[in-house]
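In what follows, a structure is listed as structure tokens, so that the remarks can point back to it.
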Amino acid sequence: MIKRVYSPDELSELPKIGIEAQKIRALLQAYGTGYDFCRFYSAEDLIIARFYDEFVICTFGNGDFEELCEFLSFSGFSKLFCSEESGKLLSEKLRLNRESLNIMRFSGNLCEAPEKVSELSLSEAYSILKTSFEIDYEPWYLDMSHRVRHGISRFYGFNGSVLCVQHNLCGQALLSQIATFPEMRNRGNASSLITTVCRMLSPSDVFLLCEDKLLDFYRKVGFEQCGIKYELSRE
């Protein structure tokens with residue numbers, strides 16, 4: 001039976017590794033279980049995090065798939081992040097749109113001399129990010145300021161490029177929100193920033209998620225593809 005979690009102790013079965021597990025762990029450490037807009041649910045072999053109307057599903061056994069489908073049918077989610085296997089099953093059962101995201105793991109050279117990157121404020125990061133992404137500033141700022149304040153996330157910059165260390169937990173780090181000012185692109189600034197931050201995060205394994213069109217870029221930077229995740233949305 002899927003039930004709401006009111007204490008972090010009830011999430012003790014959350015796996016130590018895995019992108020879904022770390023996304024849930026980051027939310028738990030940033031927000032705890034006391035907010036209504038950030039809820040956690042558990043069942044046998046299943047843990048779910050709900051942040052407003054976006055869900056992360058972590059499965060780690062042979063749970064009740066039919067119960068999960070019924071739960072999601074009435075949940076009112078807009079987006080759902082999950083494993084490849086769960087994504088295929090849920091998209092077919094619930095008739096959801098399915099977008100694949102490549103899991104990329106950094107395997108490049110950590111011995112090169114690091115660039116002088118700097119930690120950016122949220123306003124500095126946003127000034128770059130808005131040139132590449134459609135970001136609703138207020139909810140983005142409220143979430144990221146909370147994560148930064150609790151030591152979960154950090155933004156770094158170098159010569160007009162920015163990236164976010166979304167979290168670095170249990171020896172696994174996730175990069176996101178990577179962008180460069182248009183006039184500073186194609187100069188290797190983003191590549192230098194990424195490899196330097198990966199060096200800073202060592203010995204943690206560093207991951208990111210990307211669409212197919214960015215595979216070649218991240219391979220050149222030093223990442224290798226190691227799996228697929230799915231983001232689902234209602235039709």
Side-chain angles (χ1 to χ4, degrees), residues 1-103 134-136 138-140 142-144 146-147 150 152-153 166-167 169-170 172 174 176-177 207-211 226-235:
M1 178 179 179
I2 298 176
K3 61 179 182 179
R4 184 172 174 181
V5 169
Y6 291 96
S7 168
D9 294 338
E10 298 178 67
L11 297 176
S12 59
E13 293 186 1
L14 186 65
K16 294 296 183 184
I17 60 173
I19 290 180
E20 302 98 297
Q22 304 298 32
K23 280 179 170 285
I24 293 174
R25 183 170 285 108
L27 282 169
L28 181 63
Q29 292 190 15
Y31 289 97
T33 56
Y35 292 97
D36 198 48
F37 62 82
C38 185
R39 302 181 183 184
F40 301 88
Y41 300 87
S42 69
E44 184 179 0
D45 300 332
L46 170 70
I47 292 177
I48 302 170
R50 174 175 186 166
F51 187 67
Y52 290 100
D53 59 353
E54 297 188 5
F55 282 54
V56 180
I57 294 180
C58 180
T59 55
F60 43 92
N62 298 314
D64 190 335
F65 178 74
E66 293 299 325
E67 182 186 11
L68 174 60
C69 288
E70 183 177 356
F71 173 83
L72 292 173
S73 295
F74 296 98
S75 65
F77 70 89
S78 64
K79 291 183 180 180
L80 191 160
F81 182 85
C82 61
S83 68
E84 181 179 13
E85 180 180 5
S86 295
K88 289 179 179 178
L89 293 172
L90 290 172
S91 61
E92 293 171 2
K93 182 74 173 180
L94 300 177
R95 297 182 179 178
L96 303 173
N97 295 318
R98 187 173 74 197
E99 179 182 357
S100 64
L101 295 171
N102 300 287
I103 311 170
E134 293 184 7
I135 298 176
D136 191 345
E138 184 174 349
W140 174 85
L142 290 173
D143 179 33
M144 295 312 307
H146 198 89
R147 291 174 186 257
H150 285 78
I152 304 300
S153 302
Q166 196 73 30
H167 51 256
L169 301 167
C170 303
Q172 292 188 326
L174 182 68
S176 67
Q177 302 181 54
F207 297 88
L208 57 80
L209 299 163
C210 78
E211 300 173 351
C226 59
I228 296 288
K229 298 295 179 185
Y230 277 110
E231 188 172 82
L232 309 181
S233 60
R234 296 187 185 278
E235 295 182 349

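Heavy atoms only: backbone and side chains are in, while hydrogens, waters and symmetry mates are out. Just so it is clear, the structure is predicted and the values come from calculations on it, not from any experiment.
Counting only distance, with no hydrogens or angles, the side chain of Ser86 and the backbone of Ser83 share no donor-acceptor pair below 3.5 Å. Not a single donor-acceptor pair under 3.5 Å links the side chain of Gln166 to the backbone N or O of Leu208. With hydrogens and angles disregarded, no donor-acceptor distance shorter than 3.5 Å links the side chain of Asn97 to the backbone of Leu232. Side chain of His150 to main chain of His146: a donor-acceptor pair is present (N/O by atom type, distance under 3.5 Å, no hydrogens or angles). Counting only distance, with no hydrogens or angles, the side chain of Asp64 and the backbone of Glu67 share a donor-acceptor pair below 3.5 Å. A donor-acceptor pair under 3.5 Å is absent between the side-chain atoms of Arg25 and the main chain of Ile17, judged by distance alone.
For the residue pair Ser153/Arg147, the side-chain donor-acceptor check at 3.5 Å is not satisfied.
Note: Leu89 CG to Tyr230 OH = 10.5 Å, rounded to the nearest 0.5 Å. Atoms OG and NZ, from Ser42 and Lys3 in turn, are 5.5 Å apart once rounded to the nearest 0.5 Å. Going from atom CZ of Phe81 over to atom SG of Cys58 covers 10.5 Å, rounded to the nearest 0.5 Å. Between Ile24 atom CD1 and Leu11 atom CG the span is 8.0 Å, to the nearest 0.5 Å. Atom NE2 of His167 is separated from atom CG of Leu27 by 9.5 Å, given to the nearest 0.5 angstrom. The distance from the CZ atom of Phe77 to the OG atom of Ser233 is 8.0 Å, given to the nearest 0.5 Å.
In this structure, Phe207 and Gln172 have side chains that are in contact, with non-hydrogen atoms separated by less than 4.5 Å. Taking 4.5 Å as the limit, every side-chain heavy atom of Ile48 sits out of range of all side-chain heavy atoms of Phe40. The shortest distance between side-chain heavy atoms of Glu66 and Phe71 does not fall below 4.5 Å. Proximity of Leu101 to Ile103: side-chain heavy atoms (C-beta onward) are nowhere separated by under 4.5 Å. Side-chain contact between Val56 and Phe51 is absent, with no heavy atoms from C-beta onward closer than 4.5 Å. Proximity of Leu174 to Lys23: side-chain heavy atoms (C-beta onward) are separated by under 4.5 Å at one or more points. For the pair Leu46/Phe60, no side-chain contact is recorded, criterion being any heavy-atom separation below 4.5 Å from C-beta on. Taking 4.5 Å as the limit, some side-chain heavy atom of Leu90 sits within range of a side-chain heavy atom of Leu80.
Comment: Glu54 does not engage Arg50 in a salt bridge, judged by the lack of any side-chain N to carboxylate O separation of less than 4.0 angstrom. The pair Glu20-Lys229 meets the salt-bridge criterion, with a side-chain N (NZ, NE, NH1 or NH2) lying under 4.0 Å from an Asp/Glu carboxylate O.
Summarising the geometry of Ala43 relative to Ile2, their closest heavy-atom pair is CB-CG1, 3.7 Å, with the distance given to 0.1 Å. Considering every non-hydrogen atom in both Ser75 and Arg234, the closest pair reads OG-NH2, 4.1 Å. The two residues Ala26 and Ile152 have their closest heavy-atom pair at CB-CG2, 3.8 Å. Closest approach of Glu70 and Phe74 over heavy atoms only: O-CD1, 3.1 Å.
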query: Run the side-chain contact (heavy atoms from CB on, under 4.5 Å) check on Arg39 and Val5 step by step: do they pass?
result: CA-CA 7 Å; Arg39 302 181 183 184; Val5 169; over 6 Å; no
message: Test side-chain contact (heavy atoms from CB on, under 4.5 Å) on Ile47 and Ile57; report intermediate values, then the result.
response: CA-CA 6 Å; Ile47 292 177; Ile57 294 180; over 6 Å; no
- request: Just do the salt bridge (charged side-chain N to carboxylate O under 4.0 Å, His left out) check on Asp36 and Arg4 with the steps written out, would you?
  value: CA-CA 11 Å; Asp36 198 48; Arg4 184 172 174 181; 3.3 Å; yes
- request: Kindly determine whether Leu94 and Ser73 satisfy side-chain contact (heavy atoms from CB on, under 4.5 Å), including the steps that lead there.
  value: CA-CA 7 Å; Leu94 300 177; Ser73 295; 3.4 Å; yes
field: From CA spacing to verdict: side-chain contact (heavy atoms from CB on, under 4.5 Å), Met144, Gln177
entry: CA-CA 11 Å; Met144 295 312 307; Gln177 302 181 54; 3.9 Å; yes
- request: List the steps, then state whether salt bridge (charged side-chain N to carboxylate O under 4.0 Å, His left out) holds for Glu231 with Arg98.
  value: CA-CA 6 Å; Glu231 188 172 82; Arg98 187 173 74 197; over 6 Å; no
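The local environment of CD1 in Ile135 is crowded, with over 12 non-hydrogen atoms from other residues, nucleotides or ligands closer than 6.0 Å. By the neighbour-count criterion of 12 heavy atoms within 6.0 Å, atom CD of Glu85 is sparsely surrounded, having that number or fewer from other residues, nucleotides or ligands. Around atom CD of Glu44, no more than 12 heavy atoms belonging to other residues, nucleotides or ligands sit under 6.0 Å away.
Aromatic rings of Phe37 and Tyr31 (six-membered ring for Trp) have centroids within the 6.0 Å cut-off, being under it.
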